[in-house]
Structures are given as structure tokens and as C-alpha cells.
Amino acid sequence: MAYLSARDRRARKSRRRFLRPVLGVIFAILVTSVLIFLAFQKPAPPPAPIDVAEAATPSPEDLRREELSRLQSDLSAAARQNDPAKLEAAARAILTLDPQDEQAWGTLGRLQLQQGDYSSALVSLSKAVEFSDNKTSLLATRAGVHRTLGDFPAALADLEVAARLDPGNVEVANRLLIFKIQSGHAGEVRSYVATYEQAAITSQAPHWLLGAAALSMQDGDPGKAAKYLSSLKALLSPEKFSELLADPFFEPYHQDRALQAYFLTGSEMAP
């Protein structure tokens, strides 16, 4: 260390004596500032404990969905068992939870139809049509109810909508012709049949052969009707053919010798 004069040493000591209180004040101010800052800082509240019981409790909507799923399983099981009482109970229970369930409305409507409660069936099937995305079958069934109640305009309207929604549906196309004959529009059906028959458009044959057979029956020509039915039978499965001929329109012709065999079912049907 360089040699310091007596005067320099005195000056250094004087500066030290001056700086000590200044540094002490600065330190005190810093400590006070930190303490004040900490005093105004609120500690974050501890996280609330997870209520395990509450977390495990399903919501009302979860319970509703679970119950709906169970009831829909019951509905399917009752359908497989062909148990009308269980079917109706399940359908009505579903509708209390979901008034827009088209399957439940459709099931209820068909049950009411089987029970002969046509007015209630019409209401239920209309609800099913309203809420369904696939309306063709429901419209065809409702058309049958309209016909039973004598409302042919409504029946035709339902079948015409169904035919537009599903142009390839053989059942709808044929029932539309039958309903038109019954409602006094036989001339329209005759023109339709003649157009396809004369043009020999075989791809459309399943859609008009039943109508042609129905016209021949109405004209009193069962032999000609039998030819149309034979052609139609060759184009359809036995189940579909029997289903089409189960229409009430054909009941008066069941005992006709030329036609009788066509109204049998399954393996008993005419070759």
C-alpha cells in the first residue's frame, strides 16, 4: 500500500465517519420498504380440497341419459320378444324423458294401430314423422291409418311424399297405385301402367305390376291379374311379395281360383 500522509489518513477517516450513518439510513429505508411491501401482499388462498364424493356424483343430465339408454335397451328387448305390454311400457317411459324420441312414438303408434285405436295411432305416428329423419316407412304406415279412417286425400299425400323421399321403394310405389284405385283414380293408374307396359321398361316393372294386377281384378279378369302377379313374384323376395299382397284391397279376391295360391305365404305360395 502506498504511503499516505497524516493529512490523507485524517481525510479518509473523516469520509468513513460520514458514510456510515448515510449507509445506515439507506439500509433502513430498504428494509422498511420491503417490510411494507410484504405487509400489503395477501397470500394466495390454499387450493380448496377436492370433494371426492361430489366429483363422483353424476349430474342430472348424465342420469337422464343413462336412464334413456336403459329404457331403449328394454324397448329393443321387448321388440325381440314380441311383447306388446313391455313395448308400450318402455315407449311411454322413454317419452316422459324425451318427448321427441321418434322410435318410441313410432312403436306406440304401431301398437295402437294393432289395437284398433286408429285415432291415437294417427297422433303417435304423426309425432314420429315430425321428429324422424327417415320418414318413408312412417309415412307409409300413417297413410294406411288415413285410409282406414276414410281420408284418402291425406293417405295419398303421405304416399306421394314417401315416394319422393325414396323413389326406389317398391312397396311405396305399389301401395300408391292401390290407394289411387281405391280413391277413384283408376284411370290415372291405367295410363301409368300402360305407359310402362307398352314401352317394355322392365326396370320399372316391380313398381307397377301390382297396380296392373289390381286393375285386372277390379275389371273382373283374374287370369290376367294372375299373370301380373306371377311376373311380380319373380322379381321380389317371398316375404316382400306376401307383404304387398297382405293389403286389405285384395281381401275380396283371396278365394278366386285363379288367384288363391298367390295369397298363400312362404313355401306354400304359387310357383
Side-chain angles (χ1 to χ4, degrees), residues 41-151 153-173 175-176 179 237 239-240 243 246:
Q41 286 294 311
K42 294 182 180 179
I50 298 175
D51 189 337
V52 177
E54 181 179 349
T57 302
S59 69
E61 181 58 26
D62 289 336
L63 290 173
R64 174 181 168 277
R65 283 196 294 265
E66 184 178 336
E67 180 65 5
L68 266 176
S69 178
R70 184 187 69 77
L71 289 170
Q72 286 162 350
S73 296
D74 290 347
L75 188 73
S76 299
R80 289 193 298 270
Q81 297 165 9
N82 194 24
D83 189 325
K86 289 183 179 178
L87 269 172
E88 182 172 355
R92 290 190 182 279
I94 288 171
L95 292 173
T96 61
L97 294 175
D98 183 3
Q100 297 186 4
D101 190 292
E102 63 91 5
Q103 184 182 14
W105 279 119
T107 298
L108 190 58
R110 292 184 179 96
L111 286 170
Q112 290 163 337
L113 183 56
Q114 292 171 8
Q115 295 161 1
D117 187 356
Y118 301 114
S119 297
S120 297
L122 189 59
V123 172
S124 297
L125 289 169
S126 296
K127 287 286 188 180
V129 169
E130 179 183 354
F131 299 127
S132 176
D133 293 327
N134 186 12
K135 304 178 187 295
T136 303
S137 176
L138 290 165
L139 286 167
T141 303
R142 189 174 71 175
V145 180
H146 282 308
R147 177 178 64 173
T148 300
L149 294 173
D151 190 349
L156 288 172
D158 272 354
L159 286 176
E160 284 166 352
V161 173
R164 287 197 297 271
L165 291 173
D166 188 1
N169 191 306
V170 172
E171 181 182 358
V172 168
R175 291 203 188 284
L176 181 56
F179 280 36
S237 68
E239 294 77 18
K240 181 61 68 178
E243 184 180 345

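Every heavy atom of this structure was used, including side-chain atoms; hydrogens, water molecules and symmetry mates were not.
- Put simply, the side chain of Asp74 does not reach to within 4.5 Å of the side chain of Lys86, judged on heavy atoms.
- No donor-acceptor distance shorter than 3.5 angstrom exists from the side chain of Ser124 to the backbone of Ala121, with no hydrogens or angles considered.
- Residues Gln72 and Asp101 form a side-chain contact, since some pair of their non-hydrogen atoms from C-beta on lies under 4.5 Å apart.
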Considering only distance and modelled atom types, tabulate donor-acceptor pairs under 3.5 Å from the side chains of residues 161-173, sequence neighbours left out.
{"residue": "Asp166", "atom": "OD2", "partner": "Asn169", "partner atom": "ND2", "Å": "3.2"}
{"residue": "Asn169", "atom": "OD1", "partner": "Glu171", "partner atom": "N", "Å": "3.1"}
{"residue": "Asn169", "atom": "OD1", "partner": "Val172", "partner atom": "N", "Å": "2.9"}
{"residue": "Glu171", "atom": "OE2", "partner": "Arg175", "partner atom": "NE", "Å": "3.3"}

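- Side-chain contact check for Leu138 versus Glu102: some heavy-atom pair is nearer than 4.5 Å.
- Looking only at distances, no side-chain donor or acceptor of Trp105 sits under 3.5 Å from a matching main-chain atom of Val123.
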I would like to know whether Arg64 and Glu67 meet salt bridge (charged side-chain N to carboxylate O under 4.0 Å, His left out); could you show each step before the answer?
-> CA-CA 5 Å; Arg64 174 181 168 277; Glu67 180 65 5; over 6 Å; no
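- With Lys135 contributing its side chain and Ser132 its backbone, the two residues share a donor-acceptor pair below 3.5 Å.
- Looking at heavy atoms from C-beta onward, Leu111 lies in side-chain contact with Thr107 at the 4.5 angstrom threshold.
- Scanning for side chain to side chain donor-acceptor pair (under 3.5 Å) contacts around Ser126 gives Arg142, with sequence neighbours left out.
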Applying side-chain contact (heavy atoms from CB on, under 4.5 Å), run through Leu108 and Gln112 and close with a yes or a no.
-> CA-CA 6 Å; Leu108 190 58; Gln112 290 163 337; 3.7 Å; yes
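- Side chains of Leu139 and Leu159 form no contact here, defined as non-hydrogen atoms less than 4.5 Å apart.
- Between Glu66 and Arg70 there is no salt bridge, since none of the side-chain N atoms of the basic residue sits less than 4.0 Å from a carboxylate O of the acidic one.
- Annotation: side-chain hydrogen bond (donor to acceptor under 3.5 Å, both in side chains) contacts involving residues 113-122, sequence neighbours excluded, comprise Asp117-Ser120.
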